[in-house]
Structures are given as C-alpha cells and as structure tokens.
Protein chains: 2
Amino acid sequence: MNENLEILKRNGLSVTEGRKKILDLFLDNEGALAHADIEKYTDAAFDRVTVYRTLQTFVDKGIIHQIPTTDNSILYALCKHKCEAGHHHDDHVHFICNLCGKTICLDDVTVPAVKLPKGFKPAQAAMVVTGTCSDCK
Amino acid sequence: MNENLEILKRNGLSVTEGRKKILDLFLDNEGALAHADIEKYTDAAFDRVTVYRTLQTFVDKGIIHQIPTTDNSILYALCKHKCEAGHHHDDHVHFICNLCGKTICLDDVTVPAVKLPKGFKPAQAAMVVTGTCSDCK
DNA sequence: CAAAAACTTGCAACATTATTGCAAATATTG
DNA sequence: CAATATTTGCAATAATGTTGCAAGTTTTTG
C-alpha cells in the first residue's frame, strides 16, 4: 500500500486525488512547504480553495504541523512521529537556511526546556533556527 | 523628554504624530502588537499604508522586532535592550498565552543554544512558548 | 526665522492571500 | 450499484499588503 494512502486511511479521510498528490509532495520533500509552493508544484491542478482546505484538514488530523515564521507566511511540514489529532509531537527544532531558503525539520533535535518566570505555565514550545544548512555550507 | 521622542531622535527619525502615537502604543503595552491591533487602537487616525511603513521603519531601525507566529500574522514588540539597526538582540523567548491571547516578551529568558546536526551553522534562533501567563494562571 | 531641502503622509489603484456558500462531482457505505 | 456522505470547484467577497505620486510636515541651513 502506498504511504500516502496508508496515512489517509489511518486518519479516516476520504481518499481523493488532491489529498494523495499533496501528501506525496510532503513525502517527497525533505523540507517544509508553504501554501504557494504547493500551488506551484501541483501546477494549479487543484483549486486554491482545495489546497487551503486540504492543508487545514491535514493540520486538524495531525498529519502535518505548522512552523512559525516572521515573514507572514505559514510553513507546513509532515509530522514524522505519527501525531494524533490535536496532540502533536511537534517538539523538534526547525531550521531555515538563509542560502537555499529551505526549511528543514530537525526531527532529532528536541526543543530544550526553558525556565519561565513565576506564574507562567508552558504547554508547547516551538523553535526556529536560521543559518546555513548542511547542503549549503 | 518623552520616551517616544527620545527613541525617535536617537534613531535619527523625523518626529511625526504617527510615529509618536504608534511608539506610545508599544511603550504602554506589555505584550506584542499585530498590525491589526495598531489600526484598532489608533482608531484609524492614520492610513493603513502609514502604519505598514511605520512598522517597517521601526523594524529597520531595530526599535521593534518581529515575532514568529503560526497564524499567518506578524507580531511586533519593542526591543527592550536597545538594538542597533540590523543587529537585534532579539534572543529572548516569546510567550503566547492561550487564555488571554497576549504575547509577552520574556526579556530575561534567553533562547538556549541547541546542538545541531553536522554541517548546520546557526545564525539566529527564535523560540515561542505557548501556555498560560502569570495573569491568567 | 523663513526658505529650501528632505522626508513623511494619504490617496488611489492594484496585487496577493484567505474565506464562504452552494451546486456538481467524487468517494464511501451497505 | 444505489443511497449517503464527503469533497471539489466556481463565484463572490473579504482581508491583507504594495506602489507611485502629489500634497503636507519636518528638518536643515543660511
């Protein structure tokens, strides 16, 4: 069984062309993708609205997660460690390369715990590191 | 001398109503502000375009910094530790409260260094923690 | 302190990005 | 394979961001 198919079924989603195709993009791509990337790669085979809705569905199901950025865009990346809906194990560091522009999930680098001031209770932590990636060094 | 005036002069910026007002918003506000917040608080006294340009100018001068988010918006916050243009000391942790929605700069909590895989060279690191803030606990 | 120079603002137009309702098409269920 | 449920694409609309330019302000300078 194809991996995309398996993921869709596991999450109780209808199997459609669009979902398979978009999921393949993530599976084939080491880095993270923005909405615009997906439209570009799928060559406008699907309506913009479909892409929005598909991404939202995947986030809801925990198939992909969002990566915070400062440039007014959202990056999406596959959750490698089989997340459940609403309960992401999205605790790894994200790396954005200043040279090639790719965003990479460093799945093996865990976001370190920080000591917060009195009264603050952490629920989740995200970390984005910029610099030069191993391909561009 | 008012603090807003002092900041503008120190950065070699013309002193205008808009800049003083927007800077005051940041000075009066513990948390971070989005473009939309500023339009709301200034009660449309200034054109949208002016707000965009003012924020951009402040970022360029290092007066405010951007905070990464996953919701397709940019948050801005004052740089407490007098940043120079293009050289931010923006190495503190940001906290977003799930209850009141505020974003707070934890100026005293430094982003910890992480060990990256071979070949990755870090330049800057950002960290966003979500949870419950000291007011909402 | 007034005129010149430099800079900032607002407007208008435009571009991009995101959201919603609904009918048609597709997928799943039994 | 028909009935049901879900998904898609289209159209319309909204929200967000950008640019050029003339008019208005601020700063500089003599």
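Order of the sequence lines sets the chain letters (A, B, ...), proteins ahead of strands, with each chain counted from 1. Predicted model only: the values in this text are computed from it and were never measured.
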Engineer: Checking A:Arg19 against A:Ser14 for the side-chain contact (heavy atoms from CB on, under 4.5 Å) test, could you report, in this order, the C-alpha distance in whole Å, the side-chain angles of both residues, the deciding distance, and whether it holds?
Structural biologist: CA-CA 9 Å; A:Arg19 286 177 180 169; A:Ser14 301; 3.8 Å; yes

Engineer: Return the minimal non-hydrogen interatomic distance between A:Thr132 and A:Cys97, and the atom names on each side.
Structural biologist: CA-SG, 4.1 Å

Engineer: Below 3.5 Å, does any donor atom in the side chain of B:Arg53 face an acceptor in the base of D:dG17, or the other way round?
Structural biologist: no

Engineer: Determine, step by step, whether B:Arg10 and B:Glu6 satisfy the salt bridge (charged side-chain N to carboxylate O under 4.0 Å, His left out) criterion, reporting the C-alpha distance in whole Å, the side-chain angles of both residues, the deciding distance to 0.1 Å, and the verdict.
Structural biologist: CA-CA 6 Å; B:Arg10 186 170 66 225; B:Glu6 202 254 319; 3.1 Å; yes

Engineer: Any donor-acceptor pair, under 3.5 Å, between the side chain of B:Arg48 and the base of C:dG10, if you only look at N and O atoms?
Structural biologist: no

Engineer: Which nucleotides of nucleotides 23-30 of chain C have their base under 4.0 Å from a protein heavy atom (B), which only their sugar-phosphate (S), and which neither (-), written as one string 5' to 3'?
Structural biologist: ----SS--

Engineer: Please report, rounded to the nearest Å, how far the P atom of C:dT17 is from the CG atom of A:Asp37.
Structural biologist: 11 Å

Engineer: Do any side-chain nitrogens or oxygens of B:Asn72 fall under 4.0 Å of OP1 or OP2 in C:dA18?
Structural biologist: yes

Engineer: Report the distance from atom CD of A:Glu39 to atom P of C:dA18, rounded to the nearest whole Å.
Structural biologist: 9 Å

Engineer: Judged by each residue's nearest nucleotide on DNA chain C, which is more toward the 5′ side, A:Val49 or B:Thr57?
Structural biologist: B:Thr57

Engineer: Are B:Phe58 and B:Tyr76 close enough that their ring centers fall under 6.0 Å?
Structural biologist: no

Engineer: Measure the distance from CZ on B:Arg19 to P on D:dT25 and round it to the nearest whole Å.
Structural biologist: 15 Å

Engineer: Considering non-hydrogen atoms only, spot the tightest contact between B:Asn4 and B:Asp24 and give its length.
Structural biologist: ND2-OD1, 2.9 Å

Engineer: Quick one: sort the A:His94 and A:His65 rings into parallel, tilted or perpendicular, breaks at 30° and 60°.
Structural biologist: tilted

